[in-house]
Amino acid sequence: DGGITQSPKYLFRKEGQNVTLSCEQNLNHDAMYWYRQDPGQGLRLIYYSQIVNDFQKGDIAEGYSVSREKKESFPLTVTSAQKNPTAFYLCASRPGTGPYEQYFGPGTRLTVT
Amino acid sequence: GQNIDQPTEMTATEGAIVQINCTYQTSGFNGLFWYQQHAGEAPTFLSYNVLDGLEEKGRFSSFLSRSKGYSYLLLKELQMKDSASYLCAVPLTGGGNKLTFGTGTQLKVEL
C-alpha cells in the first residue's frame, strides 16, 4: 500500500540531546513537509522540500534541521537549540504542482524532559 | 499575510446537523481545504473548494464564498465517530504549495 510512514510513534529524550524523526513516503510525491502541532494550536510549518536536495525554512525553523537526499525520505532533526521541543510532529507530502491536498503521516509524539 | 479564524469548540447531538465556519484573510486565493483530525492521529483530507458554492460529498458538504472570505463545513446525520477536530487551511502565496492552518474546531458529538 502507498503511504507515509513516521517512526517511532512515541519518542522520549533527555534535554540537551539531538533527536531525528523519520519520514518516508512511497507515493512518488515531489514535495514533503514537516509540521509541529501543540495543544489548542493549528499546524505550524517547520520545513518543506519541493525537490530532492532542496529545502526551505517554514515559519518556525529555529532549532530544527532537515535533509532531502532521496525523494522518499525527509528526516527532521530536533536539536538541543530548540527551546520547547515537546510536541506532536507531522510529516506530509503532495504531488509537485496543482491544487492537490497534502497527505499526512501518522505523526510522532516527542517528549523531552 | 494569511489569517484564519474558526470556533474553538462545538457540541452537537448524534443524528443532528452541524455547521463549522471558517473565515480567512489572504493576499491571494488559491482554494480552501478542510481536514478532519481525530485525537493523536494524522489529519485526513475532506474537501477542497476553489469556486463559490456548495460541494456535497456524502454526509459532508463544504461551502465557499470568495467575496466574503468565508467557508463552512456541514456535517449531516452526525455519528459519534465524527467527534474530532476540523481544520480549515488555505494555500500560502509565494510558492512551495504551503498551507496555513486554522487552529481547528473541536467537535464533540453527544448522545
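First the proteins, then the strands, lettered A, B, ... as listed; each starts at 1. Every heavy atom of this structure was used, including side-chain atoms; hydrogens, water molecules and symmetry mates were not. All values reported here derive from a predicted model rather than from experimental measurement.
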query = Rounded to the nearest 0.5 Å, how far does CD of B:Q19 lie from CG of B:N21?
reply = 4.5 Å

task = May I ask you to decide whether B:R66 forms a salt bridge with B:D52, counting only side-chain N to carboxylate O separations under 4.0 Å?
result = yes

inquiry  = I need the A:L21 CG to A:Q6 CD distance, nearest 0.5 Å.
reply    = 7.5 Å

ask   = For B:Q36 and B:Y86, does a side-chain donor sit closer than 3.5 Å to a side-chain acceptor?
value = yes

ask   = Non-hydrogen atoms of chain B under 4.5 Å away: do they reach the side chain of A:Q37, the backbone, both or neither?
value = side chain

request  = Please lay out, stage by stage, how B:R59 and B:D82 fare under the test salt bridge (charged side-chain N to carboxylate O under 4.0 Å, His left out).
outcome  = CA-CA 11 Å; B:R59 293 190 300 115; B:D82 297 329; 2.8 Å; yes

key: Lys/Arg N to Asp/Glu carboxylate O, A:D54 vs A:R68, below 4.0 Å   = no

Contact origin within A:R109 toward chain B - heavy atom pairs under 4.5 Å = side chain

request  = Pick one of side chain, backbone, both or neither for B:Q6, based on which atoms fall under 4.5 Å of a heavy atom in chain A.
outcome  = neither

inquiry  = To the closest 0.5 Å, what do you measure between CZ (A:R94) and CD (A:E101)?
reply    = 8.5 Å

key: Interchain contact, A:Q41 with chain B, by part (heavy-atom threshold 4.5 Å)   = backbone

request  = Answer yes or no: does atom CD of B:E77 have more than 12 heavy-atom neighbours from other residues, nucleotides or ligands under 6.0 Å?
outcome  = no

query = Do NZ/NE/NH1/NH2 and the carboxylate oxygens of B:K76 and B:E56 come within less than 4.0 Å?
reply = yes

task = Would you please go through residues 75-90 of chain A and name the residues with a non-hydrogen atom below 4.5 Å from one of chain B, in numerical order?
result = A:F88, A:L90

ask   = Which class fits the ring pair A:F104 and B:F101: parallel under 30°, tilted 30 to 60°, perpendicular over 60°?
value = perpendicular

key: Side chains of B:S71 and B:W34, donor plus acceptor under 3.5 Å   = yes

query = Residue by residue, which of residues 38-45 of chain B have a heavy atom closer than 4.5 Å to a heavy atom belonging to chain A?
reply = B:G40, B:E41, B:A42, B:P43, B:F45

